[in-house]
Amino acid sequence: MKEKYLSSSIQYIKGVGPKRISIFNKIGIKKVEDLLYYFPFRYEDRSNFCSISELKEGQYQTIKATIMAKGKRLSWRRKNFSIFELAVGDSTGKLFCIWFNQPYLVDYFKIGATVILYGKVERYQNRLQMVSPEFELVEENDFNSINMGRLVPVYRIPQEITQRYLRQLIKYILDKYLIYIKDFLPYDIRVRNDLFNIAKALINIHFPKDQESQKRAWKRLCFEEFFIFQLALMVRKLKKKQQRGIIHKVEGNLVDNFIKNLAFELTEDQKKVIQEIKEDLLKPYPMYRLLQGDVGSGKTVVATIASLMAIQGGYQVAFLVPTEILATQHYNVIKEQFSSLEYSPKVGILTSSLKKKDKLKISKEIKEGTIKLIIGTHALLEEDIEFKNLGLVIIDEQHKFGVSQRAILPKKGNNPDILILTATPIPRTLAITLYGDLDISIIRQLPWKNRSVSTLWITEEKRNWLYEFIKEKILQGEQVYIVYPIIEENFNLELLSVEKMYKEFKQNTFREFKVGMLHGRMRKSYQEKIMQEFREKKIQILIATTVLEVGIDVSNATVMVIEHAERFGLSQLHQLRGRIGRGCKESFCILISDPANFEAKERLEAMVKYNDGFQIAEIDLKIRGPGEFFGKRQHGLSELRIINQPLTQLELLKQARKEAISLIQKDPFLKLPEHQLLKSKLLERFPGYERLIFTG
Ligand code: ADP
Ligand code: MG
């Protein structure tokens, strides 16, 4: 009964009014339990502060001091720009703090009050200062409290609430409700893996007794997330095998003819994967297969052959891609390949930029079954798109789609087979743990044996050299991409942007060449026009954002320049690099970045050293950890609300997987009474799974 309190709305907590409720809702806190699971992002050791004389320049530090003077003034350099300054001191020295454009602070700080400040220590005109430090006033009753004299939690919170308010609230809830929280992790699993029980974990993640307890609390909560996730995968996999799927007619003229007609010989890896797919398509339950292969490894032709296997037996195929450019590209290539077949199945394309009339026509042809293979973007997911007999769903670059989006297409058929393509190579250890519910195929071999991409990392000083190099390449008839992290100038960021450099290059640096610009804020039809011009060599240098990242295939492009390379993730850099080296000519990926922070350096060095996507992925995994590896929209991992600690996390993930496997072996559909709590937790974390998992 009482555990109901935890799932009740925060509005029932004393002292939380409508205003605070709406603030909390904005950061995803709706239930009492959400508050307990709103973890601090750092802790401050307030059991011993360092004194001002001990502060070190360039470091983030915390001090406790008395407010000595304050004042605000207007900037003489910029209009409407105010500066607020605070002078604080302790027995060892003085420190200045400044804030910009927050004039109201002047009323907040009272002379003589004690304040805790956390920020980066800088030296400015021979005085120590912190710019916009985090601050908290000390109150009299703070001695012997949750705010002082211990490891104190610091949360990411909106401006409207204070740290001490949230601390107080969480403490109150812990005191009052913790006795009602039941541990859904079975006791034996906790013992085997040396995990805190839930109450102890929640207390120590918020108000740790010491560093060690905080770590163990973290371990337990991280394990819990992984475990639930693994369990969901296992149950789902089991369930899939029980569905009744389509037995396709995989042998036939259509496929044979197509392979014979190809302009190239399939690689051994491609043949192996085609065989794996073939076997799946013959099985009485649906295929759920993930095909991994580096960019340019030739996944599309494999997918096309799989399509023909389905079409051969009279079924339709839906091929979902993330962008319009990619849809058009696939459409053109496949249509061309089909045109030389004796019987040429009808291919269609469906994107949101189609005119209404055309869209209606296409959707009618899909419904009537005249179109056998439909390639499309999100437009395919719309409700009014219905199939006559959808037998195979292919999803390209799956990381661009959310879980719920991916689930839509299969529902338009009767348990169709599913093939997912990804160019994000996933290290094997992680692949089986993250995609435990899928079967996996890998293409490692690239079709171009002599294909070579050299990667260089240069700094700003080499810019002139780079421009000469680019000119040289263009004069040899080759084409160049230059990528920027942002579209337009942003004064806060001091970064070069697509628009700025496009102008600069077009008018000055490369004025004798044809320069084009491509970014996601342009109309789709216009983007496509630009890409077409690039393909036709009417554009020689393409200035772009990461819209280039996905599947663009122009084999004459041999140089990829990435500016501010430190701002991109490793997988993203590798993905961008995949746009070049698609022909037989030697290609160059040039990263421009001035010595950046340690992590960025690691990424750039890895890019220079390795060309193989799987190696890159291993390193990426080590740097970012499994929680971050796939970005936000992946599977249930966006559910991970835990602070990132890559290596430990990986180890925990493996442990959690092992436990999930043995639990599922014992109790496949979580029917035992001792697993009921776990089951309801699972359904709570993965809403919508119920139909898929536990029915039937
Ligand atoms: P991916 O989608 O895996 O990034 P694509 O399917 O776009 O790669 O293939 C890249 C290019 O290689 C395409 O132009 C394709 O026609 C070509 N290709 C695919 N397989 C082979 C092969 N076995 N031999 C030669 N070229 C191939
Ligand atoms: Mg592709």
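Everything numeric in this text was worked out from a predicted model, so none of it was measured. Each ligand, and each atom within it, is numbered from 1 in the order the structure gives.
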Answer yes when Lys278 and Glu251 have at least one side-chain N-carboxylate O distance shorter than 4.0 Å, and no when they do not.
-> yes
Within-4.5 Å side-chain heavy-atom neighbours: Gln316 and Ile311 = no
At under 4.0 Å between heavy atoms, which part of Gln270 makes contact with ligand 1: side chain, backbone, both or neither?
-> side chain
Please collect all ring pair (Phe, Tyr, Trp, His ring centres under 6.0 Å) contacts where either partner lies in residues 514-540, sequence neighbours excluded, each pair once.
-> Tyr481-Phe534
Here the gap from Met607 atom CE to Ser593 atom OG, rounded to the nearest 0.5 Å, amounts to 12.0 Å
Judging by distance only, is a nitrogen or oxygen of Gly298 under 3.5 angstrom from one on ligand 1?
-> yes
Atoms of ligand 1 less than 4.0 Å from Thr267 heavy atoms?
-> 23 (N)
For Glu265, atoms of ligand 1 separated by under 4.0 Å from a heavy atom | 22 (C), 23 (N), 24 (N)
Donor-acceptor pairs under 3.5 angstrom involving side-chain atoms of residues 256-267: please list them, not counting sequence neighbours.
unit_1	atom_1	unit_2	atom_2	d
Asn261	ND2	Asn257	O	3.4
Glu265	OE2	Lys271	NZ	3.4
Thr267	OG1	Gln270	N	3.2
Thr267	OG1	Gln270	OE1	3.3

Looking at ligand 1, does Ser297 have a heavy atom less than 4.0 Å from it?
-> yes
Contact partition for Leu266 relative to ligand 1, non-hydrogen atoms under 4.0 Å | backbone
